[in-house]
Amino acid sequence: MTAMPTDEVLATLRMLQGLDLPAHGGRTLAYVYDSGLADADAVGLEALAMFAGSNGLDPTAFPSLLIMENDLVALAGDLLDAPDGFAGSVTSGGTESILLAVLAARKGSDHPSPSMVLPTSAHAAFHKAAAYLGVRAVLVDVDPVTLRADPAAMAAAVDDSTVLVVASAPSYAHGVIDPVPEIAALAAARGIRCHVDACIGGWVLPHLDVATPWTFAVEGVTSVSVDLHKYAYTPKGVSVLLHRTAALRSTHLFASATWPGYTMLNATMQSTRSGGPLAAAWAVTRRIGLDGYAELARRAREATLAIATAADGIPGLRVLVTPDSTLLALATDDSCDAFTVADEMLERGWYVQPQLSFGDLPPTLHLTLSAATAPAVDELVDDLSDAVAAARAAGPVRVDPGVAAVVGGLDPASLDEAGFARVLAAAGLAGADGSLALPTRMAGVNALLDACPPALREALLVGVLDRLSRPTPRGPNGNS
Ligand SMILES: *Cc1c(COP(=O)(O)O)cnc(C)c1O
């Protein structure tokens, strides 16, 4: 690889970024969060650059980072009603916060095969925690009508091995808040930890009129996670995990002196840790301020309600459940399918996120509404209406029976390269060199996945990831 002039590096990066969904502009309704505040974005980027090379590995070497971390934890504590004596850590994201909450619960118990009780609506990060940390996930169905966790069923699922129960505020998939007081009470009665996953709601809900209490104000809540890279509108890489007491946190602090190098002491999974995202979060939260966040939350909530009302009036479309926050789940009737609507929306410049069917729940479209989308609600609703009309005209997407037969014969436990190659070939997804060639319209692929049970979906998705993430080929146009 030979040196590239700066302008060429930047031009190439811009070209590459052109492949992506836009992170700004309010038309990407998942993955990204846009405040629409140019000043706040600018100060965040400046802070990100200023501290990109600083290392949170050693708080005595970079005391600025510790000061900013403690400031952010204190701010989150205020928003989440944390009592005196609480403690927290800044992590790289919601998944890391959840992994640490599960780890802390596991290490806080001496049960030889610990488990945690999750509503089926809990974020997939808890399943990752189960897989990584060896804490068995015991799944409990949510109420079929409200889609909220069912505390009585969760209580019945708790046993000797339970180290943690979980509630969401709100759930990502459906945007509803679980009955946190009942869930926290059942945990407290048994001396078990209760984690509230407010990764997506924690910076919004404090500013809205919310019927269900869900913060540390609820007795029995032992930890809460909130992602600043979501509704605090900060650059990616920042979440906060709060514990009711420092003692509860102590089980995820780590030090090692059992090697000849520097003494390692870490509060999170990372050791070397860029100061960039932390400083950016500090800067953006200071710049926007609590009044600013209240206004942004109000705008996002109004947009959510306006879209929900309009969506219910679009023939073929309905809101799955009344949203408690700023997330929407939309379902179609039999005249069309959600996946085709997603493709049609993409053609109109909007990204809405397909969610596969699950149990008795139909496939849905997920919309995360941020403040920057508010001025474009009318346009969004018009395009959604057109997109659904186009999907109805096309009719529901069908999985080719031949492809369904190939997939139906697969065993997820033993899906190997050859089996995966057969699926790709049958589905017309094999590129010339056997690599994966994804179509621009994804409805067919989504419908195929939707027809598979979850374990097979997982096996196929891992196969997709494996094929996608391979080194750029060597050669004149490659990187060598
Ligand atoms: C986003 C999210 C997570 C995971 O967070 P990442 O930052 O993507 O790792 C967990 N729980 C909920 C409710 C979320 O919305």
Side-chain angles (χ1 to χ4, degrees), residues 21 23 28-34 72 76 80 88-103 116 118-133 137 139 142 147-149 164-178 180 183 194-206 210 212 214-215 221 223-242 268-270 273-274 277-278 280-281 284 297 300 304 321 323-329 351-353 355 358 364-370 465:
L21 291 169
T28 303
L29 304 180
Y31 308 118
V32 301
Y33 300 76
D34 186 359
L72 285 175
L80 305 180
S89 302
V90 169
T91 73
S92 63
T95 299
E96 191 183 6
S97 291
I98 286 166
L99 287 171
L100 290 172
V102 174
L103 177 66
M116 57 184 161
L118 308 176
T120 47
S121 57
H123 194 277
F126 290 95
H127 297 282
K128 191 172 186 178
Y132 277 21
L133 303 172
L139 282 181
V142 297
L147 305 185
R148 294 184 177 83
L164 182 70
V165 298
V166 169
S168 306
S171 60
Y172 181 89
H174 305 135
V176 293
I177 304 174
D178 288 330
V180 173
I183 294 168
C194 172
H195 181 77
V196 174
D197 179 4
C199 280
I200 203 160
W203 224 257
V204 172
L205 296 175
V210 170
T212 311
W214 56 275
T215 64
V221 169
S223 56
V224 181
S225 50
V226 52
D227 296 348
L228 303 194
H229 62 203
K230 289 179 179 162
Y231 281 103
Y233 298 106
T234 76
K236 293 300 182 215
V238 187
S239 170
V240 178
L241 172 63
L242 300 184
T268 68
M269 304 242 170
Q270 291 183 296
R273 182 155 75 123
S274 172
L278 172 73
V284 171
T304 306
V321 58
D324 284 340
S325 182
T326 51
L327 316 176
L328 271 184
Y351 180 82
V352 296
Q353 191 175 47
Q355 301 187 130
F358 184 79
T364 50
L365 296 172
H366 169 101
L367 280 67
T368 287
L369 285 321
S370 57
L465 180 60

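Each ligand, and each atom within it, is numbered from 1 in the order the structure gives. On a predicted model such as this, the values are computed, not experimentally measured, just so you know. All heavy atoms count here, side chains included; hydrogens, waters and symmetry mates do not. Positions are given from 1, in the same order as the sequence printed here.
The residue Ala125 has no part lying near ligand 1, judged by heavy-atom distances below 4.0 Å. Residue Thr95 touches ligand 1 through backbone and side chain together, judged by heavy-atom distances below 4.0 Å.
In plain terms, the two heavy atoms of Pro323 and Leu327 that are nearest each other are CB-O, 3.3 Å. The shortest heavy-atom contact between Arg273 and Thr91 is NH1-N, 4.4 Å. Of all heavy-atom pairs spanning Arg148 and Val142, the tightest one is O-CB, 3.4 Å. The two residues Ala173 and His366 have their closest heavy-atom pair at O-ND1, 4.3 Å.
Ring pair His123/Tyr172 is perpendicular by interplanar angle, where above 60° counts as perpendicular and below 30° as parallel.
Atom 2 (C) of ligand 1 has as its closest protein heavy atom Lys230 NZ, 2.2 Å. Remark: minimum distance from atom 6 (P) of ligand 1 to any protein heavy atom is reached at Gly94 N, 3.4 Å. Nearest protein heavy-atom contact of atom 13 (C) of ligand 1 is Asp197 OD2, 3.2 Å.
At under 3.5 Å, not a single nitrogen or oxygen of Tyr172, backbone or side chain, sits near a nitrogen or oxygen of ligand 1.
Using a 4.0 angstrom heavy-atom cutoff, Glu96 does not count as in contact with ligand 1.
Interface of Gly93 with ligand 1, defined as ligand atoms under 4.0 Å from a residue heavy atom, comprises 7 (O). Those atoms of ligand 1 that come under 4.0 Å of a heavy atom in Ile98, given as number and element, are 10 (C), 11 (N).
No side-chain heavy atom of Thr215 sits less than 4.5 Å from a side-chain heavy atom of Val224.
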Apply side-chain contact (heavy atoms from CB on, under 4.5 Å) to residues Ser121 and Leu147 and explain how you reach the verdict. CA-CA 8 Å; Ser121 57; Leu147 305 185; over 6 Å; no
